[in-house]
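Written below as structure tokens is the structure these notes are about.
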Amino acid sequence: MESSRLFSTILFLYTIILSISSIICTENNNNLVTDQAALFVFGDSLFDVGNNNYINTTTRSNFFPYGQTFFKFPTGRVSDGRLITDFIAEKAWLPLIPPNLQPGNSNSQLTYGVNFASAGAGALVETFPGTSTKKRKFGFLNMGAYECAPPSLILDPTNIGSCSKPVAELINLHNKKFPDALNRLQRELSGFRYALHDYHTSLLDRINNPSKYGFKVGQMGCCGSGPFRGINTCGGRMGQNYELCENVNDYLFFDSSHLTEKAHQQIAELVWSGPPNVTGPYNLKALFELN
Ligand SMILES: *[C@@H]1O[C@H](CO)[C@@H](O)[C@H](O)[C@H]1NC(C)=O
Ligand SMILES: *[C@@H]1O[C@H](CO)[C@@H](O)[C@H](O)[C@H]1NC(C)=O
């Protein structure tokens with residue numbers, strides 16, 4: 001029991017550490033259609049639009065109830081509907097960006113961008129096409145307040161319902177150093193411009209004050225099992241039983257650690273056009289418009 005708890009803790013930490021590399025890269029590349037903005041997406045399950053369908057991973061989400069809200073079928077997105085990057089593509093007047101591993105999605109179709117994010121692995125980054133262009137525009141999210149996500153609330157059996165201090169320490173360490181690293185990149189790489197969204201603050205505020213954002217439930221997942229539905233059994237993963245909430249629009253979290261489409265839409269709005277204390281020094285809209 002103890003060792004399985006430890007294992008799931010490590011699995012969870014691994015998932016959030018991968019999101020260090022969650023970046024959205026926008027660029028005008030000469031190999032692409034002239035003056036056509038494109039969106040390349042890297043990261044973990046937060047941004048995976050279905051690459052996990054094509055690799056052998058236990059984090060696949062290509063089954064009901066994933067995808068139930070918008071697509072009406074499971075696309076592999078780890079949510080009930082669209083992800084942050086889907087909304088951003090929409091705002092940038094781009095079509096939905098397909099997963100890199102989707103068959104038939106050859107390099108000739110790179111026109112609008114590709115999504116390399118995978119819930120299962122970081123190794124997909126190897127397939128990243130050359131980005132040796134003058135304009136280097138990137139969007140980043142810092143690490144969200146996953147110390148207060150449902151799985152963290154049940155990590156310490158003697159303190160169920162409290163945010164996890166060890167997880168918070170890791171996340172805070174990353175989030176403290178991240179802006180300095182980006183600053184340094186900006187000084188060292190000519191043409192490097194970026195948007196950094198303070199996802200930690202925006203997620204924490206929604207967990208603590210769900211009603212302020214139109215949610216009824218901030219701490220508990222819509223789909224899963226155990227206290228706070230913090231055990232990731234959504235969709236019957238690993239043959240286990242799970243509960244599914246009645247109204248997904250009431251919830252911030254869809255499964256134990258991934259947000260609902262409604263939450264993704266709100267975060268996308270902040271990444272796209274948030275003020276400088278929320279997304280800075282540029283927001284993504286400003287980056288897209290920057291020459
Ligand atoms: C996927 O992984 C499982 C367990 O690691 C293995 O038994 C199975 O053969 C793999 N399937 C494919 C298609 O590689
Ligand atoms: C950003 O600044 C505005 C006013 O300038 C303030 O109302 C808001 O709370 C700030 N947001 C954060 C996340 O600090």
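Values in this document were obtained by computation on a predicted structure and should not be read as measured data. In listed order, ligands and their atoms are each counted from 1.
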Quiz item: What protein heavy atom sits nearest atom 13 (C) of ligand 2, and how far off is it?
Solution: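 Atom 13 (C) of ligand 2 sits closest to the protein heavy atom T201 CG2, 3.9 Å.
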Practice problem: Would you confirm whether any non-hydrogen atom of the protein falls under 4.0 Å from atom 2 (O) of ligand 2? | Solution: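 Given the 4.0 Å limit, the answer for atom 2 (O) of ligand 2 is yes, a protein heavy atom qualifies.
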Self-check item: Within-cutoff protein neighbour (heavy atom, under 4.0 Å) for atom 11 (N) of ligand 2
Solution: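 Under 4.0 Å from atom 11 (N) of ligand 2, at least one protein heavy atom found.
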Self-check item: N241, CG atom: more than 12 neighbouring heavy atoms under 6.0 Å
Solution: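 Not more than 12 within 6.0 Å, no.
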Quiz item: Side chain of N283, backbone of G274: donor and acceptor closer than 3.5 Å?
Solution: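 At least one qualifying donor-acceptor pair exists.
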Practice problem: Could you tell me how the ring of F288 sits relative to the ring of W272: parallel (under 30°), tilted (30 to 60°) or perpendicular (over 60°)? | Solution: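 Plane angle between 30° and 60°, so tilted.
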Quiz item: Does any N or O atom in N277 lie less than 3.5 angstrom from one in ligand 2, N or O only?
Solution: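 Such a contact does occur with ligand 2.
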Quiz item: What residue pairs, at least two apart or across chains, pass disulfide bond (SG atoms under 2.5 Å apart) with a residue in residues 152-189?
Solution: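 Found C148-C163.
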